[in-house]
Each structure stands twice: as structure tokens, then as C-alpha cells.
Engineer: 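I'd like to ask some things about the structure below.
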Amino acid sequence: MKLLLKGGRLVDPATRHDGTADVLVDDGRVAGVGTGLDTAGAEVVDCDGLVVCPGLVDLHAHLREPGREDAETIETGSRAAALGGYTAVCPMPNTDPVADNAGVVEMVAARGREVGLADLFPVGAVTVGQRGAELAELGAMARSAARVDCFSDDGLPIREARLLRLALEYTRAFDAVVADHAQDASLTDGAQMHEGEVSAMLGLAGWPAAAEDMVVARDLLLAELTGGRLHLCHVSTGGAVELVRAAKARGVRVTAEAAPHHFTLTDEAARSYDPVFKVNPPLREKADVEAVRLGLADGTIDAVATDHAPHAREDKEVEWGSAPPGMLGLETALAVTLTELVEPGYLDLATAVERLTAGPARCRRVGGHGGPVAPGAPANLAVLDPAAAWTVDRARLASRARNTPFHGRELRGRVVHTILRGAFTVRDGRALR
Amino acid sequence: MNKHLLSAADLSAGDITRVLDTAAHLAKVTDRAIKKVPTLRGRTVCNLFFEDSTRTRISFELAAKRLSADVINFSAKGSSVSKGESLKDTAITLEAMGVDAIVMRHGASGAPWRLAEWVEAVVVNAGDGTHEHPTQALLDLYTMRQRFPSFDGLKVAIVGDVLHSRVARSNVLALTTMGAEVTLVAPPTLLPARVETWGVAVSYDLDAVLPKQDVVMMLRVQLERQRAGFFPSLREYARLYGLDGRRLDAMADHAIVMHPGPMNRGVEIAAEVADSIERSVIADQVANGISVRMALLYLLLGGPEVAT
């Protein structure tokens with residue numbers, strides 16, 4: 001099938017292209033970019049007024065399969081991803097069973113291919129059962145059919161410095177990334193939200209920013225010591241942004257991501273006691289939100305990652321203290337980024353696209369995703385209407401779960417088409433499968 | 001007043017005065033031979049207690065009964081809750097049974113907010129986690145007003161485990177609304193983060209604070225706080241922050257001692273202080289609790305004019 005994406009503004013961070021250009025897609029690959037292309041037999045897709053860019057890459061999603069298919073499945077999660085403009089998604093290993101061996105990661109990747117709405121690049125667990133005691137078979141996962149090159153115990157921090165050191169050293173053998181959830185557990189025992197003025201008033205046990213900063217500092221020192229590749233998950237504090245900025249300046253091999261809710265919402269949201277706003281790390285203060293925005297703007301933070309965390313309705317319709325942390329993200333990340341970062345001028349559109357595509361693709365190998373949009377490359381693309389306004393309605397999300405913190409919020413930026421290897425997964429805003 | 005009573009922060013100075021005035025009026029009922037008025041006849045009040053608190057439950061029960069409401073007591077222990085029924089299911093059940101008001105005690109901060117979203121009934125927070133206990137604050141203010149002409153400039157020290165105290169949070173909110181000057185006294189480990197934003201004074205030194213106070217409110221220290229390392233030992237705590245006879249003597253002659261109970265005698269308060277007839281108003285607090293809760297139920301359930 002031949003497609004011509006005609007007359008759109010092509011924003012491709014990998015080739016630094018930003019300007020009107022036609023994109024010709026043939027047999028799953030980009031066949032040409034520019035004008036005067038041989039478009040014979042191509043179906044013309046009018047992209048006038050729209051932005052054409054690489055398909056989005058999410059470094060951090062929880063798809064809940066295997067184990068909690070009532071909250072999300074690889075199919076519903078992939079559909080949510082496609083509707084969000086994503087063509088590549090990295091599912092986290094905290095499933096049941098834990099993705100700590102070749103069997104589970106291969107199953108996840110294979111199921112993703114079967115569904116066919118997004119390419120899945122599973123993250124393997126660092127330790128057996130994510131119990132933090134002994135290394136999982138990282139090499140076996142790396143050499144499996146799923147070709148895992150990123151490991152994390154996400155949801156849980158790697159408590160022992162020695163173990164993280166070993167993981168960073170060991171993974172050098174196959175140039176993999178160790179992604180850490182930075183949280184000092186001894187400072188966050190029983191914590192329910194960010195520690196500050198609001199937690200004090202609400203009588204909810206606090207999760208101090210220092211518990212993140214300390215572990216980020218430790219992780220950076222260990223990355224420096226070992227020469228291993230470190231990735232920091234969902235950076236949420238001003239202190240952590242500052243530490244990463246300094247570490248990058250001295251050449252530490254570190255990348256970092258931030259989640260849309262951490263650059264939009266603050267701990268004030270907890271005043272409702274609605275557990276839809278409960279997340280880990282927690283929503284922080286205004287100054288942290290500002291620091292994360294500036295970190296994304298100057299590239300200290302490489303990527304916007306969703307930390308998409310679906311939860312069944314009955315698990316969130318409880319007292320705040322009993323609810324599991326987590327929020328949906330795949331279907332809203334792009335619009336939240338455009339509305340909250342581009343509109344107020346923190347990032348220009350091209351930089352925002354970079355943080356959603358080439359930025360995350362730089363953090364781990366997600367071959368053929370995140371650009372370049374150049375002849376011969378796989379045609380993994382998104383077509384966006386950056387000006388279109390829409391209101392988030394949790395009842396209309398493709399995710400099986402409903403726990404979006406943005407319900408009722410008007411956002412700007414809508415995904416019109418998503419194209420995975422030359423085929424529409426989303427067309428005119430509707431998922432094709 | 002709001003529909004529910006969830007937080008002392010929801011009460012304006014006018015609301016608080018109205019509750020206290022109504023309570024003073026209703027207190028007369030308690031002085032009668034037949035301690036009952038027909039005000040809430042035909043209305044149903046449910047005491048929904050997920051945490052044990054015999055004192056608070058009985059106080060609410062008596063208050064409702066003196067207004068002739070039907071009272072049901074729902075204790076989470078031994079109920080369907082222990083079989084895994086959620087708060088939401090419980091709420092739906094009570095709603096279906098046509099309950100008019102739910103008085104809820106719960107171990108989780110914010111639980112009454114969740115409940116209020118799910119029911120039409122009036123919700124009264126009878127203590128949620130380490131958050132608030134607004135009716136306790138109201139009965140404390142009522143008790144203070146019996147001794148002092150005005151809250152304006154009244155000096156109140158709240159001493160002890162402020163971090164985990166719902167009584168302290170509600171009292172700070174209600175007292176500052178009424179213009180009192182509150183000082184929190186505790187070891188730094190038992191004060192919440194950013195307590196300086198509460199609009200109160202903070203001290204670690206009880207002896208320095210005591211002589212200037214009109215009211216000294218002692219908080220219960222829970223023994224598990226020591227095990228969690230918030231302070232080194234009960235003995236050291238008692239020495240630094242306990243109210244004993246010597247410290248009582250350092251207080252102004254007119255000053256009173258309060259405690260929400262139950263007390264750890266010999267820890268935060270010495271027996272001689274607790275039982276001091278001139279200074280301790282602890283028994284008054286208990287008695288006043290009934291009148292204040294009657295007033296609240298009356299005001300929230302919109303009963304007819306009180307029979308006098």
C-alpha cells in the first residue's frame with residue numbers, strides 16, 4: 001500500500017527537519033520526503049494544517065498483562081497507545097508473573113505483535129521477582145527474541161546500592177540500560193503523598209522530595225563509578241533535575257524521563273482525597289513542576305514518559321490510603337504536553353515532538369521508532385492537529401481503566417492518524433483495530 | 001453551614017458561634033429529669049465506626065437519642081467489612097436503608113470525604129486517620145468559652161504529638177478562625193512538615209511556654225510512637241513534655257488544663273494534674289461533648305425550632 005501524506009508540516013527531530021513536506025510511504029517504509037515525489041498509485045492523505053512527525057515512543061507504561069487483565073490488557077493498552085499517537089511502547093515488568101525471565105518478556109512482545117497496534121519493547125526486571133535480592137537473568141532476556149535492552153524494578157526502588165552497582169556493571173556486557181525508580185524506602189514508609197504543607201494539613205503520611213533526590217544522587221554516583229548506562233524513571237523533584245543536570249555536564253551516562261502529571265499537577269490535587277490523584281512518585285509542589293518543565297526544555301530530561309498505570313475501578317474507589325498509586329497517561333500525554341508546555345512557551349513544538357519521539361528513542365534501542373522520517377526508514381508516523389481542542393472524558397478512553405487525572409479538562413492537540421509500519425492503526429481519530 | 005461536617009476548616013466564625021450557642025441552649029435538656037426532646041423524631045442516625053472509640057460513639061449516641069432520633073451502631077469489626085466489603089458498598093447499603101446522617105470514625109485520613117461523595121445523607125466526621133476530629137474541637141471550644149469571655153487573643157498551647165493528632169489539626173483550625181493565639185509544643189519529630197504555614201507559634205520548650213497560657217491542651221501520646229523512634233523513651237518524653245504538678249504551678253492562676261482522652265497518666269499528664277479540681281476541665285469536656293453533638297445533629301439535620 002502506497003500512502004502520500006500531503007502538505008503537512010513535517011517535524012522530524014532526528015533530521016532536524018521542520019517545514020512543509022510531503023511524505024511518501026510505500027511497503028511499510030518511508031519512500032520519499034519533500035516535493036516532486038513519484039506518487040503514482042498512492043492514496044493521498046491531506047495533511048494541510050497538520051503536523052507529521054515520527055510515531056511517539058513511550059519509555060514507561062504498565063499494560064498489566066499478564067496478571068491484571070481486568071485493569072488493562074496488551075490489546076487495550078496498545079489501542080490507547082495508538083490513539084495517543086504512539087507506535088512504540090515499553091511495558092514495565094511488574095506484572096504477575098514478573099517479567100524477570102525470557103519467557104515472560106517474549107510473551108509480552110509476541111502478544112504485542114499479534115495485536116499489532118504498537119510495537120512493544122518490554123522492560124525486564126533487574127532482580128528476581130523484583131524482590132531486590134539477586135539479579136534476574138538479564139543476559140537471557142537481552143538475548144531472547146524480545147531483545148530486552150532495558151531493565152528496571154520500577155514500582156520499587158533498587159534498595160541496595162551494591163545490587164544497582166552490579167546491575168550497572170553486568171549490563172555493560174550488552175550495553176543495556178538500568179532504569180531506576182528513585183525512592184529511599186526508609187523515608188517513605190507508609191507514605192501517601194508528597195510531604196509538604198498539603199500533606200501536613202491532610203494528615204497523610206508524606207513522601208519527602210529528599211527521598212528521591214538522595215537515591216538519584218546515589219544512582220548517578222554508581223553510574224559514574226561503573227560506566228554503566230543509567231535511566232531515571234519519572235523524575236519529579238527540582239532537586240533531582242538539578243542533580244541530573246550536573247551529572248550530564250560532567251559526562252555521566254544518564255538519561256531521564258518525566259511524566260505529564262508531574263509537569264502539570266501539584267499536591268494540591270490531594271485535597272479532594274480522590275485517589276485518582278495518588279501516584280508514585282507523588283504529585284509535588286509548584287516549584288518542582290516548574291523545575292521539571294525547565295528540565296524538559298533544556299534537555300536535562302530527555303523524554304516525556306507516561307507512567308501509564310491503569311487500575312480497576314474498585315481498586316481506586318476506596319479511601320486514599322487503601323488505593324494503589326498510578327494514573328492513566330497514554331491517551332493524554334501528547335495533548336497535555338502541547339497544552340501545558342508548548343502553549344505557555346516552555347518548549348517550541350519541535351522540541352516537544354523531540355521529547356516524545358527522538359528523545360525517548362535515544363534512551364534505549366527502539367529500532368525504527370522516533371525517527372528519522374527519511375527514505376528507507378520504517379514508516380512509524382503520527383499526524384497531529386496541534387490546535388484541535390478536546391475535553392478528556394474518562395468514559396470514552398480506550399484503556400480498560402478509567403483513572404485519568406485529566407477527566408473534564410480541556411486540552412489542545414489531537415492525534416489524527418497513527419501509522420505503524422505503513423499501516424494505519426488510527427485513522428481520523430479512530431483506532432482501526 | 002455546609003451540608004456535612006468534614007473539617008473544622010469548613011466552619012466560619014459565625015458557624016462556630018452558632019453551634020456553641022445552640023449547644024448552650026440544648027445543654028439545658030441534659031439538666032432535666034427527662035433528658036429528651038422530640039426534635040429529631042423519625043430521623044435515623046448511623047454511627048459508622050471503623051475504629052474503636054467507645055467514648056466518641058457513646059457521646060454521639062446519647063446526643064442523637066436525646067433528640068429522639070433512631071440510632072444504629074455499625075461497627076466495622078465483625079461486620080461485612082471484615083469480609084472484604086468496601087466502604088463504597090457500605091455507603092450504598094446505608095443509603096438504601098434511608099439513613100439521614102452518618103457519623104463516621106475511620107482509620108484513613110479523608111475517608112469521610114469519599115463517603116460524602118457516595119451518599120445523600122449528612123456525613124459527620126468523628127475522626128479520620130491522623131487528619132481531623134472537628135466535633136472534638138467544637139466541644140473543646142465550648143469548654144473554653146465556659147471559662148473565658150472571648151476567644152479573641154486567648155492563648156492556647158497544644159502540647160504533644162501534633163503530627164499524628166486529629167484533635168490538634170481541628171483545634172488549630174477552629175481556634176485560629178475564632179482569633180485565639182495557638183502555640184504548638186512538641187519535639188520536632190512530632191510536628192508536621194511546614195507547620196510554620198499554619199499561622200501558629202511553635203515551641204520545643206514547654207517550660208518557656210506554660211506561664212503565658214490561658215489554656216493548656218495535652219495530647220495523648222501513643223506508645224507505638226516511641227517504638228517508631230519519634231522520641232527516645234517515654235521517660236524522657238514525660239520529663240520534657242509531660243504536665244506534672246511542678247509545671248502546673250508554673251501556669252497562670254486562671255489557666256485551665258484540657259485533654260481529649262483517653263489519658264496516659266504519668267506520661268503526658270500526671271494524675272494529680274488530671275484530677276485537679278481547680279484546673280482540669282477534662283470531665284467538663286466529656287459532658288460538653290454531648291451538648292455540642294446534639295447541636296450539630298440538630299443544625300445539620302435541620303430540625304424544627306428547639307423545644308425549650
Side-chain angles (χ1 to χ4, degrees), chain A residues 185-213 237 239 266-278 282-288 311-325 402-403 407-408, chain B residues 6-10 50-51 76 81 84-92 104 106-118 123 125 127-134 161-170 172-173 184 190-200 202 224 228-229:
Chain A
S186 76
L187 283 180
T188 58
D189 188 30
Q192 294 295 331
M193 65 174 295
H194 172 67
E195 179 176 300
E197 197 177 330
V198 182
S199 69
M201 282 305 293
L202 295 185
L204 291 170
W207 192 143
E212 178 167 336
D213 303 350
T237 67
T266 68
D267 57 347
E268 290 290 332
R271 290 190 192 275
S272 66
Y273 281 112
D274 183 345
V276 80
F277 297 108
K278 182 174 172 179
L283 300 177
R284 305 275 187 198
E285 297 172 29
K286 221 171 161 184
D288 296 302
H311 287 293
R313 189 169 138 174
E314 66 271 21
D315 291 334
K316 281 286 196 182
E317 280 190 339
V318 293
E319 306 83 296
W320 179 285
S322 304
R402 295 283 167 261
N403 52 308
H407 176 67
Chain B
L6 301 177
S7 164
D10 299 339
F50 289 83
E51 251 187 16
V81 173
E85 190 182 67
S86 70
L87 177 60
K88 181 156 188 184
D89 291 332
T90 305
I92 291 167
M104 177 155 112
H106 200 289
S109 300
W113 275 254
R114 301 297 284 157
L115 182 73
E117 279 174 39
W118 297 324
V123 176
N125 182 359
D128 64 320
T130 53
H131 181 219
E132 279 212 53
H133 194 356
D161 184 2
V162 176
L163 179 63
H164 301 98
S165 173
R166 44 197 176 206
V167 175
R169 277 179 182 73
S170 288
V172 165
L173 291 165
L184 301 176
L190 290 176
L191 287 166
R194 316 268 177 100
V195 70
E196 66 277 6
T197 61
W198 285 17
V200 298
V202 173
E224 61 263 34

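The analysis underlying the following values was restricted to heavy atoms, covering all of them including side chains, and did not include hydrogens, waters or symmetry mates. Here is how names work: the chains are called A, B, and so on, in the same order as the sequence lines, proteins then strands, and each is numbered from 1.
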Engineer: Taking all non-hydrogen atoms of both residues, which atom of A/L204 and which atom of B/S109 are closest, and how far apart?
Structural biologist: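 Reported closest heavy-atom pair: CD2-CB, 3.6 Å.
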Engineer: Between B/T197 and A/E197, is there a donor-acceptor pair closer than 3.5 Å when you use the side chain of the first and the backbone of the second?
Structural biologist: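 It does not hold such a pair.
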Engineer: Under a 4.5 Å cut-off applied to non-hydrogen side-chain atoms, are A/Y273 and B/H131 in contact?
Structural biologist: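 Yes. Closest side-chain heavy atoms under 4.5 Å.
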Engineer: Heavy-atom cut-off 4.5 Å, strictly under: side chain, backbone, both or neither for B/L173 against chain A?
Structural biologist: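 Just its side chain gets close to chain A.
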Engineer: If you count every heavy atom of other residues, nucleotides or ligands that lies below 6.0 Å from A/R313 atom CZ, does the total exceed 12?
Structural biologist: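 12 or below, so no.
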Engineer: Relative to chain A, which segment of B/E132 carries a heavy atom at a distance below 4.5 Å: side chain, backbone, both, or neither?
Structural biologist: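 Contact with chain A is absent: no heavy atom of B/E132 under 4.5 Å.
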Engineer: A/Q192, A/E195, A/E317: which one forms the most heavy-atom pairs within less than 4.5 Å of chain B?
Structural biologist: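 Of the options given, most contacts go to A/E317.
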Engineer: Most heavy-atom pairs under 4.5 angstrom with chain B, which of A/G321, A/G196, A/G206, A/S272?
Structural biologist: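 The residue among A/G321, A/G196, A/G206, A/S272 with the greatest pair count is A/G196.
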Engineer: Chain A heavy atoms under 4.5 Å from B/H164: which part of the residue, side chain, backbone, both or neither?
Structural biologist: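 For B/H164, neither part sits under 4.5 Å from chain A.
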Engineer: Could you tell me which portion of A/D189 (side chain, backbone, both or neither) has an atom closer than 4.5 angstrom to a non-hydrogen atom of chain B?
Structural biologist: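 Answer is neither: A/D189 stays 4.5 Å or more from chain B.
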Engineer: For a quick test of reading the model, state the closest non-hydrogen atom pair linking B/R114 to A/P275 and the distance between them.
Structural biologist: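 That closest heavy-atom pairing would be CZ-CD, 3.3 Å.
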Engineer: Look only at the side chain of B/R169 and the backbone of A/A200, and say whether a donor-acceptor pair between them is shorter than 3.5 Å.
Structural biologist: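 Side chain of B/R169 to backbone of A/A200: a pair is present.
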